[in-house]
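This report concerns only the one structure given below.
Throughout, a chain's letter reflects where its sequence line sits, starting with A, and its residues are numbered from 1.
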There are 2 protein chains.
Amino acid sequence: MAKLKSAALEKSSHLEYFNIAVSVDCVIFAYAEKALKVLLIQSDLEEFAGMYSLLGDLVRPDEDLDEASYRVLRERTDLHDVYLEQVHTFGNLNRHPSGRVITTAYYSLINLKNNKLQLTHNELSWHDVNKVRKLAFDHKQILDTCLQRLREKVLEQPIVFNLLPEKFSLRELQDLYEAILGVELDRRNFRKRIILKDWLIDLNEMEVDVPHRPGKLYKLRPSLKRNGKLSVKSEQKLTA
Amino acid sequence: MAKLKSAALEKSSHLEYFNIAVSVDCVIFAYAEKALKVLLIQSDLEEFAGMYSLLGDLVRPDEDLDEASYRVLRERTDLHDVYLEQVHTFGNLNRHPSGRVITTAYYSLINLKNNKLQLTHNELSWHDVNKVRKLAFDHKQILDTCLQRLREKVLEQPIVFNLLPEKFSLRELQDLYEAILGVELDRRNFRKRIILKDWLIDLNEMEVDVPHRPGKLYKLRPSLKRNGKLSVKSEQKLTA
DNA sequence: GCAAAAGTGTTAATCTTACACCCATGC
DNA sequence: GCATGGGTGTAAGATTAACACTTTTGC
């Protein structure tokens, strides 16, 4: 067997490799105007002048990777306890003009209504995901990858509720699913399935100020809340 | 709008962040003796003396992230065109005793029969995935995560064929699914489903040298081969 | 009273599961 | 001829998909 080396020795012999920068990028989703939106910022690099990019930052040497993406969210949106999921790490050689930077992509789901950050805030702005054409770096590919993952995940896990206010009607919930999946769903079948899943609690309250018959209001069963850290697996599935 | 800065300037202002090391770790799966195996190496760090770890290496500044994992595979197994899938990036602060190292985990599927690398080769050895208890670093967690992803993926995509020889019987294929999923499958239902998927081509050949009635041999439809780079999505699903 | 969306059930089609007997080969 | 696994079909149950009318509210 080869001679053992200590970790300290290994570190010194590999110092020349400590020259790849590590960043995180967050695809921050929200729901407004019956559309799925993504939060973008004007790029501050000459190379991408006039283009938008995702929100990201270099990972600090003294913070966990997941923590870095929570920090980006906190700094940008002032939100804590946000749903966040790691999706993929992008590491092509020339993805960043500043040099070698690999980035780990996360997506997060936030509720615009709860948020001081409304539709404009310095250089940040919300964009309909279906209308985003081109982004700085490889961020369009990152957005597409995260959107695809979100679509897969919402069929199986009760995570869309992070995009809605505490109380919502079944119609709002269905509109949201339709916006995410990009398909129309049958109303009766949707309602049956979602009730069967037992994700919801009937609040015995009604919508107010709607110009038509008010719908019942529901909330997510509290034990299923997935705000903040580490999402857990369940067995359930909502087939569209 | 904030003043634009050039990429070169941004790089110099962030030099202090270029001190996180980036590695890849490969969970190399193979199939032998009706069990799913994983290739491990004796750790060469004092801190983990006597323990096994996954195969990994630091990413070189001049290679893509994906390429780094292909390189690890090539160097260790002498195999090219191997199925490889990125799973997750692990970036906890203290996951590596040498310092700050984040690692991107991949799993790969190789066919032991085609491989010069047989059951022993210096410090490398194959271990039944169900019998692995403890590994160096956070490698047990990485193994578990990759195994879980593999289990999800084999239900939807024709990837298990990377673990089998070119020609195989339906019994061998079923044994392999059972080994991966850790469940028993009904023989008639399995055969119906797998034939329905249209993944296989009947070779009009029979097993030889079996001590019972020989089974028909099949191969994967060539258009579905997923060796090497980038796997593609299809719609199919094999429910167990 | 009319526009707008809420609420609600049934049927047909499809998919999934459970299950048992005869067949071909090596020894 | 016997042990071993190969090969095959059907029926019951569960799930999914398609589809229309009545109700409640605001105006």
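For B:R213 against D:dT4, a side-chain-to-base donor-acceptor contact under 3.5 Å is absent.
Between B:F168 and B:F161, the ring planes lie tilted relative to each other; the angle falls in the 30° to 60° range.
No more than 12 heavy atoms of other residues, nucleotides or ligands shown are found within 6.0 angstrom of CD on B:E184.
For B:R171 and C:dT25, the CZ to P distance is 18 Å, given to the nearest whole Å. Atom C1' of nucleotide C:dG26 and atom CD of B:E207 are separated by 13 Å, given to the nearest angstrom. Rounded to an integer number of Å, the gap from A:D209 CG to C:dA4 P is 18 Å. In this entry the distance linking CZ of B:F168 with P of D:dG5 reads 20 Å, nearest Å. Separating the NE2 atom of B:H212 from the C1' atom of D:dG7 is a distance of 13 Å, rounded to the nearest angstrom. For the pair A:I194 CD1 and D:dT16 P, the computed distance is 13 Å after rounding to whole Å. Going from atom CE of A:M206 over to atom P of D:dT25 covers 8 Å, rounded to whole Å. Atom CZ in A:F190 sits roughly 14 Å away from atom P in D:dA17 (whole-Å rounding).
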Completion exercise
Under a 4.0 Å heavy-atom criterion, the protein footprint on nucleotides 8-15 of chain D, written with B, S and -, is BBB-----
Do any side-chain atoms of residues 216-224 of chain B form donor-acceptor pairs under 3.5 angstrom with protein atoms, and if so which ones, sequence neighbours left out?
unit_1	atom_1	unit_2	atom_2	d
B:K216	NZ	B:D202	OD2	2.8
B:R221	NE	B:D198	O	2.9
B:R221	NH2	B:D198	OD1	3.1

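A donor-acceptor contact shorter than 3.5 Å links the side chain of A:R149 to the backbone of A:V87. Between the B:Q174 side chain and the B:L185 main chain, a donor and an acceptor come within less than 3.5 Å of each other. Judged purely by atom type and a 3.5 angstrom limit, B:Q42 has no side-chain atom pairing as donor or acceptor with the backbone of B:Y52.
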